[in-house]
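Reviewing the structure listed below.
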Amino acid sequence: ISLFSTFFIFLLLYYFHQKISISKLKLQNIQKDAQYLELKNQINPHFLFNNLNTLISFIEVNPTKAIDFGHNLANVYRHYLKKQDEDFVLLKDELLFIKEYLEIYKAKFEKGFNFSISEEFRESQYVLSSSIQELIDNIFKHNNLDEENPIEIKIYTENDYLVIYNSLVSKNVTDSTNFGLNNINKRYEILTNSSIVITKDKDNFSVQLPILNLE
């Protein structure tokens with residue numbers, strides 16, 4: 001009887017310990033979910049509105065160009081609405097989207113930059129939603145667009161990373177807080193426990209995004 005009572009008490013204590021551990025884990029997950037949602041909501045989703053003035057100016061001076069610009073803008077916004085609730089997106093689909101997104105910038109800046117996007121990827125590869133778009137926006141935010149010295153943008157895979165590279169023609173922005181890069185990195189850490197890799201020298205800048213391989 002004594003042995004049974006001891007065993008029963010042990011089981012009871014173990015049961016309550018497990019319940020407490022599970023409760024703590026659930027609380028941690030809730031806190032992580034809340035933190036991730038806060039980070040995700042910090043992303044500026046209003047790129048459509050930021051491009052309306054450009055579209056209007058094209059309509060006035062070059063209607064044909066305005067039509068092409070409008071089609072690209074509509075496709076980009078449609079993609080954003082479709083993917084805004086997803087944490088990770090298929091790399092293949094995201095690179096097709098980024099090509100159209102860069103065409104919007106191409107319509108604005110024409111010969112101020114060149115870009116290339118590698119097609120060497122696997123069907124089962126995923127990246128963090130909106131991350132490539134945010135990095136592209138950063139490139140144009142922090143660099144001068146000069147037709148005589150165009151920026152080179154390259155997107156390609158290397159090992160288990162997607163590399164977004166650009167040459168630098170810096171605006172020398174002194175008040176930059178790296179908010180966008182920190183946001184992307186924190187979202188990756190919360191969801192995957194992995195981090196982005198940033199490489200910079202006076203002429204070049206690149207960010208490596210971890211790729212998820214989901215077979």
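These numbers were taken from a predicted model, which means no experiment stands behind them. We number each residue from 1, following the sequence as shown.
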Apart from Tyr161 itself, what residues make up its hydrophobic cluster, given side-chain heavy atom links below 4.5 Å? Val197
Candidate list Glu119, Glu123, Gln125, test side-chain hydrogen bond (donor to acceptor under 3.5 Å, both in side chains), partner Lys92, passing option: Glu123
Applying side-chain hydrogen bond (donor to acceptor under 3.5 Å, both in side chains), can you list everything that pairs with Thr199, at least two apart in sequence or on another chain? none
Among the clusters formed by ILVMFWY side chains lying less than 4.5 Å apart, do Phe109 and Ile98 turn up in the same one? yes
Closest heavy-atom contact between Ser131 and Leu209? OG-CD1, 3.4 Å
Please give me the minimum heavy-atom distance between Val127 and Pro210, naming the atom from each residue. CG1-O, 4.3 Å
Taking only residues two or more places apart in sequence, or in another chain, which ones meet Glu120 in a side-chain hydrogen bond (donor to acceptor under 3.5 Å, both in side chains)? none
The criterion is side-chain contact (heavy atoms from CB on, under 4.5 Å); which residues satisfy it with Lys202, sequence neighbours excluded? none
Separation between CZ of Phe115 and CD1 of Ile164, rounded to the nearest 0.5 Å: 14.0 Å
Between Ile184 and Leu128, the two heavy atoms sitting closest are O-CD2, 3.9 Å
Cluster link Ile136 to Leu181, ILVMFWY, side chain under 4.5 Å: yes
Are Val169 and Leu102 linked, directly or through intermediate hydrophobic residues, by side-chain heavy-atom contacts shorter than 4.5 Å (ILVMFWY only)? yes
Ser124 OG to Ile211 CD1 distance, which is reported to the nearest 0.5 Å: 10.0 Å
Sequence-distant partners of Lys111, salt bridge (Lys or Arg N to Asp or Glu O under 4.0 Å), two or more places apart: none
Under the side-chain contact (heavy atoms from CB on, under 4.5 Å) rule, collect the residues that match up with Thr192, sequence neighbours excluded. Phe88, Tyr188, Ser194, Leu212
Stepwise, does the side-chain contact (heavy atoms from CB on, under 4.5 Å) test hold for Ile198 with Phe205? CA-CA 8 Å; Ile198 300 171; Phe205 183 84; 3.7 Å; yes
Could you tell me the separation between the CD atom of Glu94 and the OG atom of Ser129, rounded to the nearest 0.5 Å? 6.0 Å
Under the side-chain hydrogen bond (donor to acceptor under 3.5 Å, both in side chains) rule, collect the residues that match up with Tyr126, sequence neighbours excluded. none
Asp203: partners by side-chain contact (heavy atoms from CB on, under 4.5 Å), with sequence neighbours left out: Asp201
Arg187 and Glu134: salt bridge (Lys or Arg N to Asp or Glu O under 4.0 Å), yes or no, with the steps? CA-CA 13 Å; Arg187 282 153 54 207; Glu134 293 167 57; 3.1 Å; yes
Apply side-chain contact (heavy atoms from CB on, under 4.5 Å) to the pair Leu162 and Gln208, showing each step before the final yes or no. CA-CA 5 Å; Leu162 180 73; Gln208 299 179 50; over 6 Å; no
Report yes or no: do Tyr156 and Ile196 belong to one cluster of Ile/Leu/Val/Met/Phe/Trp/Tyr joined by side chain heavy-atom distances under 4.5 Å? no
Atom pair OG1 (Thr64) and CD1 (Ile59), whose distance is rounded to the nearest 0.5 Å: 12.0 Å
Where do Ser118 and Leu95 come nearest, in terms of heavy atoms and distance? O-CD1, 4.0 Å
In residues 146-155, what donor-acceptor pairs under 3.5 Å come from side-chain atoms, sequence neighbours left out?
unit_1	atom_1	unit_2	atom_2	d
Asp146	OD1	Glu148	N	3.0
Glu152	OE2	Asn114	ND2	3.1

If you apply the rule side-chain contact (heavy atoms from CB on, under 4.5 Å), what do you find for Asn204 with Leu168, and how did you get there? CA-CA 5 Å; Asn204 306 284; Leu168 289 175; 5.7 Å; no
If the condition is ring-ring contact (aromatic ring centres under 6.0 Å, His included), which residues does Tyr105 pass it with, not counting sequence neighbours? Tyr101, Phe140
Run the salt bridge (Lys or Arg N to Asp or Glu O under 4.0 Å) test against Glu110 and tell me which residues pass, sequence neighbours left out. Lys65
Separation between CG (Leu135) and NZ (Lys141), nearest 0.5 Å, reads 12.5 Å
Just by modelled atom types, is the Ile139 backbone N or O under 3.5 Å from a matching donor or acceptor in the Asn143 side chain? yes
Separation between OG1 of Thr157 and CD1 of Ile117, rounded to the nearest 0.5 Å: 12.5 Å
With sequence neighbours left out, what residues match Lys106 under side-chain hydrogen bond (donor to acceptor under 3.5 Å, both in side chains)? none
